[in-house]
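Comments concern the structure below.
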Amino acid sequence: MRVLCLGGGPAGLYLALLLKRSDPRHVVRVVERNKPGDTFGWGVVFSDQTLGNLEAADRETANEIAGAFNHWDDIDVHFRGRTITSGGHGFCGIGRMRLIEILVRRCEALGVELAFSTDVTDDEAAAREFGADLVIAADGINSRVRAKYAATFQPDVDLRRCRFVWLGTKKLFKAFTFAFEKTEHGWFQAHAYQYDGDTSTFIVETPEEVWQRAGLEAMSQEEGIAFCERLFARYLGGNALLSNAKHLRGSAIWIRFPRVICRTWTHWNEADGRRVPVVLLGDAAHTAHFSIGSGTKLAFEDGIALVRALEAHPRDLPAALARYEAERSVEVLKIQNAARNSTEWFENVERYTALEAEQFAYSLLTRSQRISHENLRVRDHGYVERVESWFAQRASLPAKAVPPMFTPLSLRGLTLGNRVVVSPMAQYSCVGGTPDDYYLVHLGSRAHGGAALVFTEMVCPSADARISPGCAGMYEDAHRAAWRRIVDYVHSRTPAKIALQLGHAGPKGSTQRGWEAADEPLPERGDPATGERNWPLIAPSALAYGPTNQVPRAMTRADMDRVKAEFVLAARWGAECGFDWLELHCAHGYLLSAFICPLTNRRDDEYGGGLANRCRYPLEVFRALREAWPRERPMSVRISAHDWAPGGNTPADAVEIARLFKAAGCDLIDVSSGQTTRDAQPVYGRMYQTPFADRIRNEVGIATMAVGAIFEPDHVNSIVMAGRADLCAIARPHLADPYWTLHAAAQLGYGDVPWPAQYLSGKAQLERNLARAKAMADERPEANG
Ligand SMILES: Cc1cc2nc3c(=O)[nH]c(=O)nc-3n(C[C@H](O)[C@H](O)[C@H](O)COP(=O)(O)OP(=O)(O)OC[C@H]3O[C@@H](n4cnc5c(N)ncnc54)[C@H](O)[C@@H]3O)c2cc1C
Ligand SMILES: Cc1cc2nc3c(=O)[nH]c(=O)nc-3n(C[C@H](O)[C@H](O)[C@H](O)COP(=O)(O)O)c2cc1C
């Protein structure tokens, strides 16, 4: 096969050498516009794991690269005059120039044709002239080929918010170094690491608006570098910052990172009656932000996958390319997801600067949500012990390492024993709104299970506020008595606290139970269990939730007064019952959420229009409840922080919503998302709503509760320790296991959590069995075994 590779960066060169290695009969030519040794950039980093992949693909190159590597383990975070060090990170750095030299030499040894100083302006002419069977577009981040065939590749290029410059220095950074410096214009950060015997990479980064305010756009290249030298002088020890981009004028060395994704990776051309594919590789196909150091890794792994696909389908190029694209696009997506979190963290450093150095550094280390608390412990046990003990002290415990989820939290007059909450979950099992013995057992057993706070489901202040005929109420004496019995049980027999969630279903009312046709109206003949028929609905606007749902009546001011009074009475009764905490449900498309969401609120009075207007009625209800609710007991609000639909609320709106509730006296925002419109397209994943809780907590300065796909103790520890949220609400895992928290403690080897005295022998056995299983897993069989 004749393969023409456009671009002699890491992607093109590595693919070329792997192709020749795979089959020396291939004729492979790499065309590179630069002269040999004429390459931009300083060092690049790889993880230890990437090196392993390279070794499997071509041992010679891997050995040479490994020999030229500078290896380090520590990460130093410098913030507000403090340095936080954590170890065990296992990275290698190599000069980009050195890397290219190694690849070029290996290409030459294997017989790859290399054409330097050749700028390809017409890929089709070059392919024809070479007689190519396959053209590889490895022409980098600004790929000309990608632009030419944009209709096929459908690139999505997202220019990110920060400006950065890639510099070098003779200062040798022994650890991977992150340094943060505040100027009168805003924060700047440096990412620095040593990559050979006498040079380090030094990348300086700041948001576009800070860069503008600091006047860097108008500065010459030299002035801009001098600015960075002054700003980071304390880390440079008198060494200069160096640029090897002398060909760029003025501030052009400062760029915004383009995040590139392509819908497809192969374009077919006609050449002399033959169909010749042009295939994207490396940065031309995708990019991953430099803060996770994976660009070159991805470029190399693309090459490895493409050669394997060609070997697997030697006589079927379309099949080989389809396999390459299918395999790599999934891998790239995973890295890009991690890279997105990391990019956003660095774009929003300002958000985290109110954190103390310990928590700031931890938030940085776990920013991608891929490195967790336990991952950090494996890397550096001592570091995790130190931050755990710092965190425990902050939570008024003795300075001793404690899993962060088992530290107390106080709000107003209430102290919760740990950070785990049983999230509100409708059980649809009341008759006439009364929670019966099922609820006593259901909530009671979860209160025995170790969570510090157990939520009721959404409890409705009137019959027409219910979602379904099985929903719980707080509008009849019988309801009040039944709730009091449950609260008394929790208080007298368990260490847990219990929270009341009040909500009105609004346009999503009068529907079937969760396990029937959820969100759909009751059948014509009525509710199968009780025969109850559909009841009329109210909402901010006369908009049905879906094609089969009832069209609600738009609320009048009289309706608003009635509903508010019903909420207030329910809250008063809740206080009388002894509930420790009150939450107002303003999420998931129910009545108050429907006011806040612009897709369901089309009013043209003072309760519709802009965000402040849309929040007006929910805030009015909240304030009335705050008045009625005892001062020493906390109140929270659950919001949908993202409507996941065009024209809906976004996480930026959620920050404003949280600000308004904070001003009205709210103690904590319970950060959920979605369910406000049937058109929503949520992006699910582990802890997928936690970034919204993080943003609200750290931008607004209010406690938050994270919820959504938090299902491991490790998730809770990481979220709480990083200051992404103060509490974690866990829903479905508590349906599977009422004792989720007690089991989590045993799993973490933390014995100091109170179990019911009646169950202590179960605790002892569980702990013993887990310790034994761990010891067996840790045991290394003897060689002769
Ligand atoms: C600031 C910064 C820091 C980075 N740090 C890291 C890191 O630590 N670790 C890491 O793995 N990655 C890092 N990267 C990313 C890494 O540099 C790229 O992901 C990697 O170089 C991709 O390789 P490539 O071969 O696809 O593209 P490139 O390296 O850009 O190579 C493309 C080549 O094509 C040539 N070319 C382009 N057009 C033509 C044409 N028309 N004719 C002929 N030749 C052409 C170019 O001259 C170039 O040599 C960093 C990137 C930046 C910007
Ligand atoms: C059966 C069930 C009922 C729910 N009922 C409520 C509810 O009454 N009020 C509420 O705010 N959220 C309710 N939710 C949402 C959960 O509180 C939680 O936000 C969601 O399930 C995501 O958390 P998870 O991934 O831990 O399950 C319910 C969820 C489930 C599974």
Side-chain angles (χ1 to χ4, degrees), residues 79 158 160-162 180 186-187 189 206-210 259 289 291 337-356 359-370 419 586-588 593 596-598 611-612 615 636-645 648-663 666-674 676 680 682-710 715-716 718-729:
F79 176 65
D158 178 13
R160 302 301 312 191
R161 187 181 155 210
C162 281
F180 296 83
W187 287 83
Q189 58 261 14
T206 192
E208 167 81 16
E209 60 277 14
V210 178
R259 194 278 287 119
H289 193 250
S291 63
N337 276 341
R340 186 186 56 231
N341 289 337
S342 178
T343 313
E344 286 179 2
W345 197 94
F346 284 106
E347 288 173 344
N348 293 290
V349 164
E350 170 87 45
R351 180 188 297 161
Y352 303 104
T353 52
L355 299 177
E356 288 182 53
Q359 200 162 36
F360 179 87
Y362 185 96
S363 171
L364 165 59
L365 293 173
T366 55
R367 66 193 178 278
S368 71
Q369 292 205 157
R370 275 158 57 109
R419 307 305 183 101
C586 295
H588 302 168
S593 162
I596 299 174
C597 170
L611 185 62
C615 288
S636 59
V637 171
R638 178 168 268 207
I639 61 167
S640 283
H642 199 332
D643 288 330
W644 302 106
N649 284 325
T650 63
D653 296 317
V655 168
E656 294 315 312
I657 297 165
R659 257 191 240 290
L660 292 169
F661 279 105
K662 181 186 177 191
C666 178
D667 302 301
L668 174 142
I669 305 289
D670 174 359
V671 188
S672 186
S673 76
T676 50
V683 181
Y684 295 116
R686 278 178 312 158
M687 304 178 270
Y688 71 106
Q689 295 171 153
T690 301
F692 313 140
D694 178 0
R695 181 165 180 185
I696 290 171
R697 181 180 191 273
N698 293 303
E699 285 190 18
V700 179
I702 185 169
T704 57
M705 178 152 74
V707 63
I710 299 169
H715 298 159
V716 181
S718 312
I719 291 170
V720 170
M721 182 65 233
R724 295 195 175 95
D726 301 272
L727 294 172
C728 289

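Any value given below was found using the heavy atoms of this structure, including those in side chains, with hydrogens, waters and symmetry copies removed.
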Does any donor atom in the side chain of Thr366 or Arg724 lie under 3.5 Å from an acceptor atom in the other side chain? yes
Give the intermediate values and the outcome of side-chain contact (heavy atoms from CB on, under 4.5 Å) for residues Cys586 and Ile596. CA-CA 8 Å; Cys586 295; Ile596 299 174; 4.0 Å; yes
Between atom CG of Asp726 and atom CZ of Arg419, what is the distance when rounded to the nearest 0.5 Å? 6.0 Å
Could you tell me the separation between the CZ atom of Arg351 and the OG atom of Ser363, rounded to the nearest 0.5 Å? 9.5 Å
Is it the case that the side chain of Gln689 and the backbone of Val707 share a donor-acceptor pair, with hydrogens and angles ignored and the cut-off at 3.5 Å? yes
Asp653 side chain vs Thr650 backbone, donor-acceptor pair below 3.5 Å: yes
For Cys728, run the side-chain contact (heavy atoms from CB on, under 4.5 Å) check against Thr690, Ile719, Thr704 and tell me which one passes. Ile719
Between Arg370 and Asn337: side-chain donor-acceptor atoms closer than 3.5 Å: no
Would you find a donor on one side and an acceptor on the other, under 3.5 Å apart, between the side chain of Asn698 and the backbone of Ala354? no
Indicate yes or no: does Glu208 engage Arg160 in a salt bridge with an N to O separation below 4.0 Å. no
What are the two closest non-hydrogen atoms of Trp187 and Thr206, and how far apart are they? O-OG1, 2.8 Å
Got a donor-acceptor contact below 3.5 angstrom from the Gln359 side chain to the Met721 backbone? yes
Pairwise distance CD(Glu350) to CD(Glu699) - rounded to 0.5 angstrom: 9.0 Å
Of the non-hydrogen atoms in Ala693 and Ala725, which two are nearest, and what is the gap between them? CB-CB, 4.4 Å
Could you work out, with side-chain hydrogen bond (donor to acceptor under 3.5 Å, both in side chains) as the rule, every residue matching Trp644, not counting sequence neighbours? Ser673
Determine all donor-acceptor pairs shorter than 3.5 Å in which one atom belongs to a side chain in residues 655-662; sequence neighbours excluded.
residue, atom, partner, partner atom, Å
Lys662, NZ, Val700, O, 3.2
Lys662, NZ, Gly701, O, 3.2

Run the numbers on Phe346 and Leu364 for side-chain contact (heavy atoms from CB on, under 4.5 Å), then give the verdict. CA-CA 9 Å; Phe346 284 106; Leu364 165 59; 3.4 Å; yes
Could you tell me if Asp643 and Thr676 have a donor-acceptor pair between their side chains, going purely by distance under 3.5 Å? yes
Measuring from Ser368:OG to Trp345:CH2, what's the distance to the nearest 0.5 Å? 12.0 Å
Residues Gly685 and Ala709: closest non-hydrogen pair is O-CB, 3.5 Å
Could you give me the CA-CA distance, side-chain angles and deciding distance for Val637 and Ile639, then say whether side-chain contact (heavy atoms from CB on, under 4.5 Å) is met? CA-CA 6 Å; Val637 171; Ile639 61 167; 3.8 Å; yes
Verdict with reasoning, Val720 to Leu727, per side-chain contact (heavy atoms from CB on, under 4.5 Å): CA-CA 7 Å; Val720 170; Leu727 294 172; over 6 Å; no
Working note: Phe360 + Tyr352, criterion ring pair (Phe, Tyr, Trp, His ring centres under 6.0 Å); need CA distance, chi angles, decisive distance, verdict. CA-CA 6 Å; Phe360 179 87; Tyr352 303 104; 7.3 Å; no
Ser672 side chain to Ser640 backbone, donor-acceptor under 3.5 Å: no
Rounded at 0.5 Å granularity, tell me how far CD1 in Ile669 sits from CD1 in Ile696. 6.5 Å
Spatial distance of atom CZ (Arg367) from atom CG (Asn348) [nearest 0.5 Å]: 13.5 Å
